[in-house]
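Each remark here refers to the structure printed beneath this line.
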Number of protein chains: 2
Amino acid sequence: MLDPADTVACCSPLSAEPLSAEQAEQVAPLLKALADPVRLRLMSLVASHTGGEACVCDLNDAFDLSQPTISHHLKVLHDAGLLDREKRGVWVYYRARTSALLSLGALIGCPPS
Amino acid sequence: MLDPADTVACCSPLSAEPLSAEQAEQVAPLLKALADPVRLRLMSLVASHTGGEACVCDLNDAFDLSQPTISHHLKVLHDAGLLDREKRGVWVYYRARTSALLSLGALIGCPPS
DNA sequence: TGTCAATATAGACATATGTCGAAGTCTCTG
DNA sequence: CAGAGACTTCGACATATGTCTATATTGACA
């Protein structure tokens with residue numbers, strides 16, 4: 001699977017020049033994956049966790065939602081390329097793809113040149 | 001209506017510390033508004049347009065969609081606080097709220113401190 | 001091998017979303 | 001005042017999304 005960071009980083013910031021239709025189609029899914037309160041918190045929990053990774057077991061407890069629902073949200077973030085997934089024994093650890101977040105932030109937030 | 005820039009700017013970056021449920025509920029709608037290819041391009045078209053603003057008549061031509069559909073997307077961006085709206089005579093001009101984009105980008109893209 | 005614990009997948013359901021065509025609202029201008 | 005042009009609002013529709021319960025899978029361990 002491609003690194004979404006590359007996809008996004010290739011684009012000029014939103015305010016610099018109009019995004020092409022193709023670029024927009026590639027970037028939108030990343031934003032869509034982030035555009036949910038639960039997934040935003042999941043992403044933040046993982047990204048800010050010690051060691052840059054977090055176990056699903058820890059994440060479940062942070063929410064008042066069923067375990068399959070959390071699993072579903074993690075899958076959405078993983079499929080978008082925002083979280084890496086690693087199974088170690090019985091536990092599954094997710095790790096934030098910092099590069100994807102960085103380039104996405106730059107795309108949205110950089111002032112016009 | 002509140003400036004979403006303030007709402008977002010108050011939060012630490014995603015990677016610094018876990019977003020609270022309340023913060024996530026406030027930020028998610030902004031991302032949701034951006035998380036559509038058409039709206040991403042609209043936002044980019046307006047933000048990068050000469051003078052920082054664009055007339056709806058110009059925006060319509062950039063898409064293969066009906067005019068009410070474009071109007072709908074502009075309303076979503078406006079309601080989220082990402083676009084300002086001003087009617088001058090018969091024409092309506094939209095202007096990007098740069099501050100909102102800046103703080104949103106910082107929230108997503110800032111490396112952990 | 002059998003059982004338990006940690007996740008994931010499947011299927012169902014209510015609600016949200018993107019799109020359109022039709023109709024409404026302003027505002028200029030003759 | 002009437003008509004035309006620029007948008008917006010309304011109502012309908014198909015599809016996507018978030019959530020749940022029930023079930024499957026996987027790995028450790030007795």
Side-chain angles (χ1 to χ4, degrees), chain A residues 1 19 21 24-46 49 53-95, chain B residues 1 19 21 24-46 49 53-95:
Chain A
M1 120 113 76
L19 222 55
E25 295 283 351
Q26 293 186 319
V27 175
L30 294 183
L31 288 168
K32 214 166 200 171
L34 271 185
D36 176 275
V38 175
R39 291 198 290 268
L40 257 188
R41 288 181 62 203
L42 280 171
M43 198 68 204
S44 181
L45 278 167
V46 173
H49 200 268
E53 66 178 15
C55 172
V56 176
C57 52
D58 297 328
L59 300 173
N60 278 322
D61 299 343
F63 298 86
D64 225 24
L65 293 169
S66 73
Q67 177 268 323
T69 296
I70 299 300
S71 184
H72 161 71
H73 285 303
L74 288 169
K75 178 175 163 56
V76 170
L77 288 168
H78 174 64
D79 289 350
L82 292 170
L83 284 182
D84 281 329
R85 186 179 180 281
E86 188 187 349
K87 185 161 188 173
R88 292 208 291 272
V90 184
W91 294 279
V92 174
Y93 292 82
Y94 283 93
R95 176 179 296 271
Chain B
M1 123 110 76
L19 222 56
E25 294 283 351
Q26 294 186 318
V27 174
L30 294 184
L31 288 168
K32 214 166 202 172
L34 272 185
D36 177 275
V38 175
R39 290 197 292 268
L40 256 187
R41 288 182 62 204
L42 280 170
M43 198 70 204
S44 181
L45 278 167
V46 173
H49 200 268
E53 66 179 15
C55 171
V56 175
C57 52
D58 297 328
L59 300 173
N60 279 322
D61 299 341
F63 298 86
D64 225 24
L65 293 170
S66 73
Q67 185 268 328
T69 297
I70 299 299
S71 185
H72 162 72
H73 285 304
L74 288 170
K75 178 176 163 53
V76 171
L77 289 167
H78 174 64
D79 288 351
L82 292 169
L83 285 182
D84 281 330
R85 185 180 182 281
E86 190 187 349
K87 184 160 187 173
R88 292 209 291 273
V90 184
W91 294 281
V92 173
Y93 292 84
Y94 283 91
R95 174 179 296 271

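Reminder, nothing fancy here: chain letters follow the sequence lines and each chain counts from 1. All values derive from a computational prediction rather than experimental measurement.
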Q: Search all heavy atoms of A:Met43 against all heavy atoms of A:Leu82 and return the closest pair with its distance.
A: CE-O, 3.1 Å
Q: List in numerical order all residues of residues 57-67 of chain A for which some heavy atom is under 4.0 Å away from an atom belonging to DNA chain C.
A: A:Cys57, A:Gln67
**Q.** Given DNA chain C, 5'-ward residue of the pair B:Arg88 and A:Val90, judged by closest heavy atom
**A.** A:Val90
Q) Mapping B:Val92 and A:His73 to their closest nucleotides on DNA chain D, which lands nearer the 5' end? A) B:Val92
**Q.** Gap between atoms CG and P, on B:Asp36 and C:dA16 respectively (whole Å)
**A.** 18 Å
Q: Report the nucleotide, chosen from C:dT17, D:dC20, D:dA6, that has the shortest atom-to-atom distance to any side-chain atom of A:Thr69.
A: D:dC20
**Q.** Side chain of A:Pro68 (C-beta onward), nearest among C:dT27, D:dT21, D:dT17
**A.** D:dT21
Q) Of the non-hydrogen atoms in B:Ala33 and B:Leu77, which two are nearest, and what is the gap between them? A) O-CD2, 3.7 Å
Q: List the atom of A:Pro29, the atom of A:Ala80, and the distance in Å for their closest heavy-atom pair.
A: O-CB, 4.5 Å
Q | Minimum-distance pair of heavy atoms, taken over all atoms of B:Ala24 and A:Arg41 | A | CB-CG, 3.5 Å
(Q) I want to verify a distance call: between D:dG27, D:dT17, D:dT8, whose nearest atom is closest to the B:Tyr94 side chain? (A) D:dT8
Q. Side-chain N or O of B:Lys75 less than 4.0 angstrom from OP1 or OP2 on D:dC7?
A. no
Q: Tell me what B:Arg85 touches on the nucleic acid: a base, only sugar-phosphate, or nothing, going by heavy atoms under 4.0 Å.
A: sugar-phosphate
Q | Nearest atoms (heavy-atom pairs only) where B:Arg39 meets B:Lys32 | A | NH2-O, 3.3 Å
Q | Side-chain donor/acceptor of A:Arg95 to backbone N/O of A:Asp84, under 3.5 Å | A | no
(Q) Of the options C:dT7, C:dT9, D:dC7, whose atoms approach the side-chain atoms of B:Trp91 most closely? (A) D:dC7
